[in-house]
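Structure record follows, encoded as structure tokens.
First the proteins, then the strands, lettered A, B, ... as listed; each starts at 1.
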Protein chains: 2
Amino acid sequence: MVWKAATFNVNGIRARLPLLLEWLQEQRPHVACLQEIKCQDKDFPHDAFVEAGYHVVWKGQKSFNGVAVLTTDPPQEVVRETDREVLDGEARFLAVKTCGVWVINTYVPQGRSPQDPAFGYKLAFLKETAQWIDARFAPDVPLLWTGDINVAPDPQDVYDPQRLDGEVGFHPEERRLFKEILGWGLVDLFRHLHPDEKQFTFWDYRLPRSVQRNLGWRLDHMLVTEPLAQAARDCRVDMTPRQKPKPSDHTPLVAVFHLDALSVSSPG
Amino acid sequence: MVWKAATFNVNGIRARLPLLLEWLQEQRPHVACLQEIKCQDKDFPHDAFVEAGYHVVWKGQKSFNGVAVLTTDPPQEVVRETDREVLDGEARFLAVKTCGVWVINTYVPQGRSPQDPAFGYKLAFLKETAQWIDARFAPDVPLLWTGDINVAPDPQDVYDPQRLDGEVGFHPEERRLFKEILGWGLVDLFRHLHPDEKQFTFWDYRLPRSVQRNLGWRLDHMLVTEPLAQAARDCRVDMTPRQKPKPSDHTPLVAVFHLDALSVSSPG
DNA sequence: GACAAAGGAG
DNA sequence: CTCCTTTGTC
């Protein structure tokens with residue numbers, strides 16, 4: 001089958017509901033990983049997604065964070081608790097197996113500033129997620145770690161690498177860790193398919209006309225194991241939601257895979 | 001000329017701007033008196049009304065109250081300060097002369113409860129407005145006192161007169177004062193033209209499905225002197241804005257006058 | 001239930 | 001700049 005996956009930091013699912021529903025109908029991804037839903041479980045607009053034809057798994061929190069995974073096919077497995085304090089302490093982690101693929105959806109902490117304890121938490125969160133994946137899966141399993149990773153790995157992934165060097169999101173330590181994580185057996189799919197493209201997934205609300213001036217960052221990623229990398233046919237940023245009224249500060253990243261091309265040997 | 005006047009408690013002019021502009025284009029009143037604009041002077045969306053073809057006079061206040069008068073013809077005179085503490089203390093009073101008619105726009109205090117000092121303030125506000133009019137005008141002058149008066153004068157003006165008797169907005173003391181004010185030489189135009197109609201201009205947001213069940217109050221009025229009463233051709237409630245998405249809790253009251261029929265002897 | 005404001009966050 | 005929360009008002 002042709003399988004479409006998407007990640008979208010919605011920055012408030014209630015505020016973004018009309019835009020998100022419209023986008024889902026246009027794109028019809030088989031799996032959509034959402035971050036920053038910013039609501040408690042009881043306030044999640046579950047019915048709207050069911051009416052749109054999706055199965056929904058979500059993990060909410062008051063005010064901040066919160067992640068959700070929408071799937072057209074019923075999830076085969078769901079992991080909402082890892083028993084790792086760093087991953088479970090806030091609503092930032094959700095894993096779902098759908099269509100034979102394990103999808104790990106994370107909202108990695110932003111980090112606030114390199115001096116802030118939040119930065120240590122960010123690095124720990126990245127390490128723990130990688131460790132959790134390593135403990136459960138091998139690199140030959142079809143696996144997609146996606147979400148708002150909050151790291152721009154390379155100079156071409158920020159609008160002004162000179163000026164932003166050392167800033168949170170483009171700090172040498174997180175960039176090194178990002179590469180180290182890929183070393184386990186993950187491919188940065190967008191960069192893999194578009195080695196030279198300067199494309200972003202986030203533009204700060206606070207910078208005036210940041211979208212028009214393209215003052216962005218590539219923070220949202222699809223990290224895939226080798227079998228999925230070989231099955232990939234497309235991975236691109238969809239700018240349209242960021243250009244509409246009442247946008248999120250992020251825009252979706254979408255990928256297409258030919259799952260039939262997979263030599264599946266899933267242990268999970 | 002055929003002259004159309006309207007009053008509309010918008011409950012937040014910024015939140016109501018799309019609805020209000022649409023309604024102005026449909027109705028095209030020569031004068032529109034707005035209450036509860038709920039913004040400071042600097043935040044008033046002046047340009048939007050100028051683009052819609054209106055002259056605008058407004059008196060704002062942070063968070064609460066605030067009144068405005070829109071006119072197609074430039075105002076001939078404007079009164080923003082009365083030198084009466086009760087009328088000037090909060091942004092609830094604005095008077096404009098347009099097309100030869102004096103239009104007094106008030107947002108009368110709601111009163112909170114009959115025991116609350118706010119109720120005394122409400123009664124004082126009504127008396128002071130009547131006194132101010134008496135000091136400046138005679139009953140033979142074309143004059144329109146309109147706005148959210150916050151008094152339902154008669155049993156047919158509330159959805160359940162038994163249950164609501166003594167409640168603020170339908171308290172014997174305010175109803176008596178309302179009648180006393182009419183005694184000076186003002187006509188309750190809607191009731192004058194429709195002696196038996198049970199029609200409302202306000203439905204509480206807090207009552208579930210209050211509009212569908214018609215659990216309303218007639219709180220917004222057009223009080224006119226005799227010459228205007230004789231010039232009146234129509235006075236009706238426009239339900240449509242209250243039935244649209246994101247409505248105010250009030251809906252407009254609209255009247256039409258044949259000003260040529262006036263024997264004008266304006267001293268003001 | 002829906003406004004506006006003030007405070008915290010990205 | 002845009003979220004969400006809390007408080008106050010009607």
Side-chain angles (χ1 to χ4, degrees), chain A residues 9-17 19-20 35-40 43-44 60-66 90-92 107-113 116 118-119 122 148 150 167-169 202-212 215-217 219-220 242 244-250, chain B residues 9-17 19-20 34-40 42-44 60-66 90-92 107-113 116 118-119 121-122 148 150 167-169 202-212 215 217 219-220 242 244-250:
Chain A
N9 177 322
V10 295
N11 188 18
I13 195 139
R14 288 167 293 182
R16 214 66 58 224
L17 196 57
L19 185 75
L20 177 57
Q35 305 87 38
E36 284 206 88
I37 64 173
K38 287 187 174 177
C39 69
Q40 290 168 282
D43 297 324
F44 187 88
Q61 177 181 336
K62 192 198 269 195
S63 280
F64 309 121
N65 313 320
E90 299 183 338
R92 297 177 173 278
Y107 171 49
V108 175
Q110 191 263 352
R112 218 173 265 175
S113 98
D116 198 290
F119 191 69
K122 176 180 195 168
D148 178 358
N150 258 323
E167 299 265 294
V168 82
F202 164 85
W203 297 260
D204 199 318
Y205 286 134
R206 290 168 291 186
L207 290 176
R209 309 187 326 283
S210 62
V211 178
Q212 298 92 312
L215 304 182
W217 303 58
L219 301 178
D220 303 270
R242 179 70 244 233
K244 298 203 168 170
K246 273 182 80 67
S248 169
D249 44 1
H250 293 250
Chain B
N9 178 322
V10 294
N11 189 20
I13 196 142
R14 286 168 293 183
R16 214 66 58 223
L17 197 56
L19 184 76
L20 179 56
L34 310 179
Q35 304 87 39
E36 285 205 88
I37 63 172
K38 287 186 173 177
C39 69
Q40 290 168 282
K42 65 175 180 57
D43 297 323
F44 187 88
Q61 176 181 336
K62 192 196 272 196
S63 278
F64 309 123
N65 312 320
E90 300 183 336
R92 297 176 174 278
Y107 172 48
V108 175
Q110 190 262 354
R112 218 171 266 175
S113 98
D116 198 290
F119 191 70
Y121 174 46
K122 176 181 194 168
D148 178 357
N150 257 323
E167 298 266 295
V168 81
F202 164 85
W203 297 259
D204 198 317
Y205 286 133
R206 289 167 292 184
L207 290 177
R209 308 186 327 282
S210 61
V211 178
Q212 298 93 309
L215 305 181
W217 304 57
L219 301 177
D220 303 270
R242 178 71 243 234
K244 298 204 168 169
K246 271 182 82 65
S248 169
D249 44 2
H250 292 250

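Among all heavy-atom pairs drawn from B:Lys122 and B:Asn150, the shortest one is NZ-O, 2.7 Å.
Put simply, CZ on B:Arg242 is 12 Å from P on C:dG1, counting in whole angstrom units. When the P atom of D:dC10 is taken as reference, atom CZ of B:Phe64 falls 7 Å away, rounded to whole Å. Taking atom CG of B:Asp204 as the reference point, atom P of C:dC3 lies 14 Å away to the nearest angstrom. Per the geometry, CZ belonging to B:Phe119 stands 18 Å off C1' belonging to D:dT9, to the nearest Å. Taking atom CZ on B:Phe202 and atom P on C:dG1, their separation rounds to 14 Å, with Å as the unit. Taking atom CG on A:Asn9 and atom C1' on D:dC3, their separation rounds to 11 Å, with Å as the unit. Counting to the nearest Å, the P atom of C:dG1 and the NE2 atom of B:His250 are 17 Å from each other. Nucleotide C:dG10 holds its P atom 17 Å from the CD1 atom of A:Ile37, rounded to whole Å.
Under 4.0 angstrom from either OP1 or OP2 of C:dA2 there lies no side-chain N or O belonging to B:Arg16. For C:dA5, the OP1/OP2 oxygens have a side-chain nitrogen or oxygen of B:Arg14 closer than 4.0 Å. For the pair A:Lys62 and D:dT6, the criterion of a side-chain N or O lying under 4.0 Å from OP1 or OP2 is met. Regarding contacts with the backbone of D:dC10, a side-chain N or O of B:Arg112 is found under 4.0 angstrom from either OP1 or OP2. Within the structure, every side-chain polar atom (N or O) of B:Lys38 is placed at least 4.0 Å from both OP1 and OP2 of D:dT9.
Map B:Asn150 and A:Pro208 each onto its nearest nucleotide of DNA chain D; the residue landing nearer the 5' end is A:Pro208. If B:Tyr205 and A:Ser63 are placed on DNA chain D by their nearest nucleotide, the residue sitting closer to the 5' end is A:Ser63.
For the atom pair OH (B:Tyr107) and CD1 (B:Ile37), the distance works out to 12.0 Å, reported to the nearest 0.5 Å. Atom-to-atom distance recorded for B:Leu219:CG and B:Trp203:CH2 is 10.0 Å, nearest 0.5 angstrom.
Note on B:Arg209: nothing from the nucleic acid sits closer than 4.0 angstrom, heavy atoms only.
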Query raised in the report: Hey, mind stepping through A:Cys39 and A:Arg14 against side chain to side chain contact (heavy atoms under 4.5 Å, CB included) and telling me if it holds?
Result: CA-CA 8 Å; A:Cys39 69; A:Arg14 288 167 293 182; 3.6 Å; yes

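A donor-acceptor contact under 3.5 angstrom links the side chains of A:Asp220 and A:His250, judged on distance only.
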